Structures are given as structure tokens and as C-alpha cells.
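Residue numbers run from 1 in the order of the sequence given. For clarity, every value in this text was computed on a predicted model and none was experimentally measured.
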Amino acid sequence: MTDDRRNHARETIRLRVRYKTARSLVTEYTKSISKGGCLIETSKPLPVGTRFLFEMYAVGVNTPVEVDGAVVRAEPSTKNEGKFEIGIEYVASEEKRAALETVLDKIFADHQWERSRKFPRIPVNLLAHDGRNTAKLYLIRDISKGGLGLRLPAEKTPPDGVTIGTPALITVSLDVESPFDIHA
């Protein structure tokens, strides 16, 4: 969605970001991102004009990208009481801008086919085994109340007969004693 005040299209993408305040290291999630900045929902607002360094994490990128940011707006959230929305503008040097552009291009490519989601997706890195062939491994890359995203290694293909809409049974085991099933 674009806004007349923006120079860049903003996409509804949820990514983990971390930054330091005077008192602690804060981990939050973006509500949306663009080539020029991002929107973060937080319980700890920062004053407009605050400059800080934060880390942006993206699926498939081994190390986070450090981004210089400046708070350009901070307002109470209209949807979540006690939360604030802070608009961050990227303030990157020419040399850091290239790395930031690369990671943003990857993020937008990874999310180009996603529709707006009812439940936010949380990035994770969990191994999954194929129940029919335990030698086949997959990576659960994100999870939400509404579903999860699997990533296959580049040389792997989906199991035979699996296409969009194929029913699946996912067994989740957080410890050895209590696995549970999810019909998907």
C-alpha cells in the first residue's frame, strides 16, 4: 500500500528487529517495511528524532543487517491498547545502503506472494522430518496461529503428490513426552 507522503511502497511484512535502549536490549517485530523505513509496534516508544542502530533479521540471511535508523513518528496504536507505533527512517551511509538494499530485495522477493494475514507470522528455524521418509528434512521458517511456512533445501523437491491444498498432518514435539498433532 502506498501513501502520498511516502517515497517507497510499504509492504505488510513481519520481521524481527533488535535495538538497544539506555536500559535494555529490545526485540520487536515490524508491522510493515519499505525501501525507506519500517513501522514497529512496541510497548516502549522512542521520542521522534531518536537515532539508533538496530538489527534486521531475514530468512535465509545468516547474519542480521545493521541499520542506522531515526524515529520520524511515534503514536499510540489504534488497534492495541498500551502499544505504540514508531515509524523508522533508514539513515544508511552509501556503503551500508548497498547491503541494506540487498537484504530488502530478498525480503520483498520472499514475501511477494503472501497475502495479508489474519495472524502475524513469527520467524523460527525448526527442523521438520517427513513422516513417510524420516531422512527427508525440512525447515519450518515461520509459524502463526493460522499456519506455518516450510522451506525445502534448494536441491530437494516436495514429497510426491504434495501440491497446494493437499491435506497434511503435522506432529509437533516440543519435548519427548508430549507430541501433538495439527491438521493442516
Side-chain angles (χ1 to χ4, degrees), residues 1-3 5-93 95-127 139-151 172 174:
M1 89 187 123
T2 58
D3 183 315
R5 299 172 296 163
R6 299 189 197 290
N7 293 326
H8 306 281
R10 190 167 288 272
E11 300 290 332
T12 303
I13 297 174
R14 188 169 167 90
L15 298 173
R16 182 170 51 124
V17 295
R18 295 174 73 176
Y19 58 91
K20 289 183 182 180
T21 67
R23 295 188 182 108
S24 64
L25 179 64
V26 179
T27 300
E28 301 288 359
Y29 291 89
T30 61
K31 287 186 74 174
S32 62
I33 66 171
S34 76
K35 291 277 190 160
C38 63
L39 181 66
I40 298 172
E41 188 171 71
T42 181
S43 56
K44 301 173 185 176
L46 298 171
V48 171
T50 301
R51 298 263 320 244
F52 62 99
L53 183 67
F54 67 99
E55 297 174 334
M56 184 178 288
Y57 296 79
V59 173
V61 177
N62 294 334
T63 57
V65 173
E66 288 188 342
V67 181
D68 293 314
V71 177
V72 293
R73 79 176 178 92
E75 301 168 350
S77 173
T78 57
K79 294 182 180 176
N80 295 316
E81 190 173 327
K83 296 280 191 173
F84 296 84
E85 292 181 348
I86 57 174
I88 309 296
E89 179 181 39
Y90 307 136
V91 184
S93 64
E95 66 182 45
K96 287 189 176 183
R97 186 69 197 186
L100 176 60
E101 288 283 334
T102 300
V103 107
L104 288 172
D105 287 343
K106 174 151 184 30
I107 290 167
F108 291 135
D110 285 348
H111 290 83
Q112 68 180 329
W113 304 113
E114 287 196 24
R115 63 190 188 285
S116 292
R117 300 194 178 279
K118 184 174 181 180
F119 303 105
R121 291 207 168 210
I122 307 299
V124 295
N125 286 307
L126 302 172
L127 282 179
L139 178 68
I140 299 174
R141 62 181 179 87
D142 55 57
I143 193 164
S144 77
K145 289 182 180 179
L148 56 86
L150 283 179
R151 177 159 296 194
V172 177
L174 301 176

Exercise. Salt bridge (Lys or Arg N to Asp or Glu O under 4.0 Å) with E75: which residues, sequence neighbours excluded?
Worked result: R73
Exercise. Say you draw a straight line from NZ of K44 to CD1 of I86; how long is it, rounded to the nearest 0.5 Å?
Worked result: 12.0 Å
Problem set entry | Whether T42 side chain and P45 backbone form a donor-acceptor pair below 3.5 Å | no
Exercise. Of all residues at least two apart in sequence or in a different chain, which pass the side chain to side chain donor-acceptor pair (under 3.5 Å) check with S77?
Worked result: E41
Exercise. Who passes side chain to side chain donor-acceptor pair (under 3.5 Å) against E55, sequence neighbours left out?
Worked result: Y57
Exercise. At what distance, to the nearest 0.5 angstrom, does NZ of K35 lie from CG of L100?
Worked result: 8.0 Å
Exercise. With F84, which residues qualify under ring pair (Phe, Tyr, Trp, His ring centres under 6.0 Å), at least two apart?
Worked result: none
Exercise. Quick one: NZ on K31 to NZ on K79, what's the gap to the nearest 0.5 Å?
Worked result: 5.5 Å
Problem set entry | Between NZ on residue K106 and CD on residue E101, distance to nearest 0.5 Å | 15.5 Å
Exercise. Would a distance-only check, ignoring hydrogens and angles, find a side-chain to backbone donor-acceptor pair under 3.5 Å from Y90 to G69?
Worked result: no
For this session: List in chain and number order the residues that pass side-chain contact (heavy atoms from CB on, under 4.5 Å) with V91, two or more places apart in sequence or in another chain; answer none if no residue qualifies.
Result: R51, D68, A70
Exercise. Of all heavy-atom pairs between C38 and F54, which one has the smallest distance, and what is that distance?
Worked result: SG-CZ, 4.1 Å
Problem set entry | Partners meeting side-chain contact (heavy atoms from CB on, under 4.5 Å) with T50 (sequence neighbours left out) | L46, P47, F52, V71
Problem set entry | Spacing of S34 atom OG and I88 atom CD1 [to the nearest 0.5 Å] | 11.5 Å
